Amino acid sequence: MANYFKDNDDLRYYVTRGIDWEKLLRLGHIGADPEAPSSPDEARELYTDIAEMFGELVAEEVAPRAAAIDRHGNRLEDGEVIEPPEMKEIFSQLAQLDLHALNLPRELGGMAAPMLLYFVHTELLARADVSVMAHSSFHSGMAMAMLMFSIREGSTEIDPATGRVLATRFADEIAEIVSGDAWGCMDITEPDAGSDMAALRTRGELDADGNWTVTGQKIFITSGHGKYHFVIARTEDASADDPDDPFAGLGGLSMFLVPTYRDEPDGTRTRLATVERVEEKLGHHGSVTAAINFEATPAHLIGERGQGFRHMLTLMNNARLGVGFESIGLCEAAWRLARDYAAERPSMGKTIDRHEMIADYLDEMETDIQGLRALAMHGTFHEEMAQRLELRKLGGGEAIEGLEAEIAEHKEQARRVTPLLKYLAAEKAVEMARRCLQIHGGNGYMKEYGAEKLVRDALVMPIYEGTSQIQSLMAMKDTLSGILKNPQEYVMRAAQARWRSRAARDPLERRVARLMALSLSVQQSLVTRTISDKVRSLRGVALGKWPAAFLRGWDPKRDFSHAMLHAERLTRLLADVAVCEILLEQARRHPERRELLARTLERAEPRCRYLADEIQSTGSRLLAKLAPAQAELEAAGSD
Ligand SMILES: Cc1cc2nc3c(=O)[nH]c(=O)nc-3n(C[C@H](O)[C@H](O)[C@H](O)COP(=O)(O)OP(=O)(O)OC[C@H]3O[C@@H](n4cnc5c(N)ncnc54)[C@H](O)[C@@H]3O)c2cc1C
């Protein structure tokens with residue numbers, strides 16, 4: 001029987017050896033779990049069993065239905081969405097196996113599995129079909145979000161002695177999702193507001209009786225035919241915010257849980273919001289992408305008003321890790337399809353996998369997938385550690401020494417890696433799907449072989465959950481502002497990297513340290529350029545006013561233009577360095593990982609040198625061209 005977990009040694013490495021289950025187990029899951037593994041060995045065994053069971057399910061039940069789902073797609077009839085029958089068959093199996101509750105606490109009908117295991121499932125499912133995976137994530141992911149939000153706002157009662165969840169605000173909604181009767185979705189995008197969330201216009205209004213409603217239109221909502229919508233809406237006026245803040249208006253947003261229909265006792269459905277349309281799209285045909293109209297629709301505020309952006313970031317952090325694993329699943333499918341085809345297809349006296357260029361493509365794809373998986377597992381481990389520690393704190397568990405500092409450390413690691421993963425995995429999904437098609441030659445262009453579906457499915461990865469450009473801006477901003485806030489730490493890290501690049505005993509460690517030193521020098525050049533541009537902009541300002549103008553008068557749109565121009569290149573370089581650092585750490589614990597690190601370095605080193613050169617030697621011409629237009633915009637804005 002086909003099994004997508006058993007046939008994947010790199011993925012198996014993480015479940016059976018690579019992940020430090022002990023650290024996670026020590027913190028415990030939310031809720032009381034009498035069936036929790038009592039030792040790391042037991043955890044490894046249990047999680048391997050679950051992953052093997054799921055690996056077989058996706059290979060045998062999901063993958064064979066993917067082409068039919070792609071052909072049938074979804075359609076809107078009389079205001080309701082009609083899904084392909086194959087989707088219904090798959091989702092009834094997932095519900096029967098309780099997989100919509102994989103990571104929920106036992107007392108809420110769940111299996112209390114770690115987030116890392118949940119994402120192993122995400123990857124496996126995505127290898128079979130990304131649109132099935134996307135719809136699946138809006139079940140357990142949303143149920144878990146409901147619980148997390150409720151704990152954070154203090155509407156969940158937890159027994160401090162056992163950790164058991166005694167009551168939670170969204171218990172009924174969670175139960176409906178677990179049974180497969182409902183699912184959630186995330187409503188952010190509007191016709192005039194995508195990347196620019198400060199432009200969101202959907203309104204949340206409070207009536208005299210203290211009830212909230214939302215009014216507005218949300219578009220491109222994945223699984224938007226779901227019952228439970230997390231809607232981000234404006235409750236405070238943007239004008240109250242600082243107009244110079246690039247995120248002006250974000251503080252005026254609040255998060256709501258909005259049911260879009262009510263199931264009546266007689267089996268009928270009363271709609272509270274309408275599905276305006278279901279998009280016809282290039283790929284992801286199993287997943288519904290809907291436009292939803294809210295017209296004074298009853299809504300439930302989550303947390304406090306004005307906290308919407310913060311809540312949304314929590315949802316999006318997990319979702320971005322999810323897209324990372326989703327992209328890796330697609331890459332894995334592309335690499336395997338290409339490899340198997342190339343091993344069979346003869347050309348000029350040998351199979352095409354023996355031709356140097358094709359062999360090089362396949363080798364690079366395999367190496368990149370393993371590097372991406374290392375990044376994804378590392379980021380998720382730290383995100384999960386941070387969330388478990390935070391929940392323990394909120395749940396009133398016993399005080400743990402240095403808890404805050406530990407949470408901050410894990411958060412920092414997760415925050416550093418998440419945009420790098422989202423960026424690189426999504427871009428690689430597109431690159432690998434295209435390579436897979438190319439390796440198939442003319443056959444790749446035909447539906448029969450499955451390669452063209454991967455290209456269509458992959459193209460959305462760099463767009464949703466924050467585009468590649470937005471991920472790059474986030475990574476750049478975090479990196480450079482880190483240096484500006486704490487230059488001493490930067491100096492120390494640069495000195496350490498230089499020292500290790502010469503003095504480390506392990507030659508692989510020296511090579512990783514050299515890459516780190518290169519990355520740090522590029523960061524320094526961006527900061528130096530930013531500061532010198534700023535100093536130049538003070539021409540004409542009286543000398544006595546320089547300190548105030550320099551320290552306070554920063555305009556991110558203008559002063560960071562050089563860094564913004566190179567943000568994507570910097571992100572690519574940061575991602576390469578992060579992958580190498582993580583693989584070095586793995587190689588220290590498990591020497592058999594050295595071969596992967598060596599393969600990764602062989603490709604990362606010349607790429608990083610090229611990126612560094614591009615960042616340090618280009619951009620001035622274009623910025624000079626853009627400057628007058630920017631000045632015009634500013635002048636218009638100040639009128
Ligand atoms: C299939 C699909 C499913 C989706 N699912 C959901 C969902 O479930 N929920 C939801 O809320 N939304 C969803 N979206 C919407 C998606 O998140 C947005 O499309 C995305 O955030 C980009 O916004 P936009 O389309 O308005 O593009 P724009 O924001 O207009 O961007 C256009 C281009 O400009 C670039 N750009 C924008 N600003 C900058 C900048 N400052 N610097 C450099 N480049 C910039 C972008 O990177 C992009 O390349 C989905 C979209 C698709 C296609």
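Note that the coordinates shown come from a computational prediction; the quantities given were computed from them, not determined experimentally. We count ligands from 1, going down the list as the structure has it; atoms in each ligand are counted the same way. The analysis underlying the following values was restricted to heavy atoms, covering all of them including side chains, and did not include hydrogens, waters or symmetry mates.
The ligand atoms of ligand 1 that sit less than 4.0 angstrom from a heavy atom of I188 are 10 (C), 11 (O). Near T467, meaning under 4.0 Å from one of its heavy atoms, ligand 1 places the atoms 22 (C), 46 (C), 47 (O). Heavy-atom contacts of I463 reach the following atoms of ligand 1: 19 (O), 20 (C) (cutoff under 4.0 Å). For ligand 1 and V460, the ligand atoms under 4.0 Å from any heavy atom of the residue are 1 (C), 2 (C), 52 (C), 53 (C). Close contacts between ligand 1 and I221 involve ligand atoms 7 (C), 8 (O), 9 (N), 10 (C), 11 (O) [criterion: under 4.0 Å to a heavy atom]. Near L473, meaning under 4.0 Å from any of its heavy atoms, are these atoms of ligand 1: 40 (C), 41 (N), 42 (N).
Both the backbone and the side chain of T189 come within contact range of ligand 1, each with a heavy atom under 4.0 Å.
Of the protein's non-hydrogen atoms, G194 CA, 3.9 Å is the one closest to atom 24 (P) of ligand 1. In this structure, the protein non-hydrogen atom closest to atom 9 (N) of ligand 1 is M186 O, 2.8 Å. Considering only non-hydrogen protein atoms, atom 2 (C) of ligand 1 sits nearest to Y464 CD2, 3.8 Å. Atom 39 (C) of ligand 1 has its closest protein heavy atom at I470 CD1, 4.1 Å. Among protein heavy atoms, atom 44 (N) of ligand 1 sits closest to Q469 CB, 3.6 Å. Nearest protein neighbour of atom 6 (C) of ligand 1, counting heavy atoms only, is F220 O, 2.7 Å.
Crowding of E80 atom CD: a count of heavy atoms from other residues, nucleotides or ligands under 6.0 Å exceeding 12.
Around atom 29 (O) of ligand 1, the closest heavy atom drawn from G224, S195, A290 belongs to S195. Counting only non-hydrogen atoms, the option in T222, D187, D457, D196 that gets closest to atom 5 (N) of ligand 1 is T222.
Residue contact annotation: H284 has no non-hydrogen atom under 4.0 Å from ligand 1.
The closest side-chain donor-acceptor pair between Q523 and T479, if any, does not fall under 3.5 angstrom. Side-chain contact, E190 with T202: a donor N or O sits under 3.5 Å from an acceptor N or O. A donor atom on one side chain and an acceptor atom on the other are found under 3.5 Å apart for E326 and Y464. At a cut-off of 3.5 Å, with distance as the only test, no side-chain donor of Q93 or E89 sits close to an acceptor on the other residue. The closest side-chain donor-acceptor pair between N293 and Q217 falls under 3.5 angstrom. Remark: the Y228 side chain and the E176 side chain contain an N/O donor-acceptor pair separated by less than 3.5 Å.
Considering both main-chain and side-chain atoms, F138 never comes within under 3.5 Å of ligand 1 through any nitrogen or oxygen pair.
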Exercise for the section: List the steps, then state whether side-chain contact (heavy atoms from CB on, under 4.5 Å) holds for Y449 with L437. Expected result: CA-CA 9 Å; Y449 285 79; L437 189 149; over 6 Å; no
Practice task
I would like to know whether R169 and F149 meet side-chain contact (heavy atoms from CB on, under 4.5 Å); could you show each step before the answer?
Solution key: CA-CA 9 Å; R169 178 179 173 194; F149 286 146; over 6 Å; no
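Atom 36 (N) of ligand 1 is not flagged as protein-proximal [any protein heavy atom, distance under 4.0 Å]. Distance screen at 4.0 Å: atom 33 (C) of ligand 1 has no protein heavy-atom neighbour inside the cut-off. Inside a 4.0 Å radius of atom 14 (N) of ligand 1 there is at least one protein heavy atom.
Between F230 and H311, the distance from one ring center to the other does not fall under 6.0 angstrom.
Each of H135, H225, R75 was scored for a side chain to side chain contact (heavy atoms under 4.5 Å, CB included) with V288, with one residue passing: H225. With respect to E614, the side chain to side chain donor-acceptor pair (under 3.5 Å) criterion is satisfied by exactly one of R569, R572, H566: R569.
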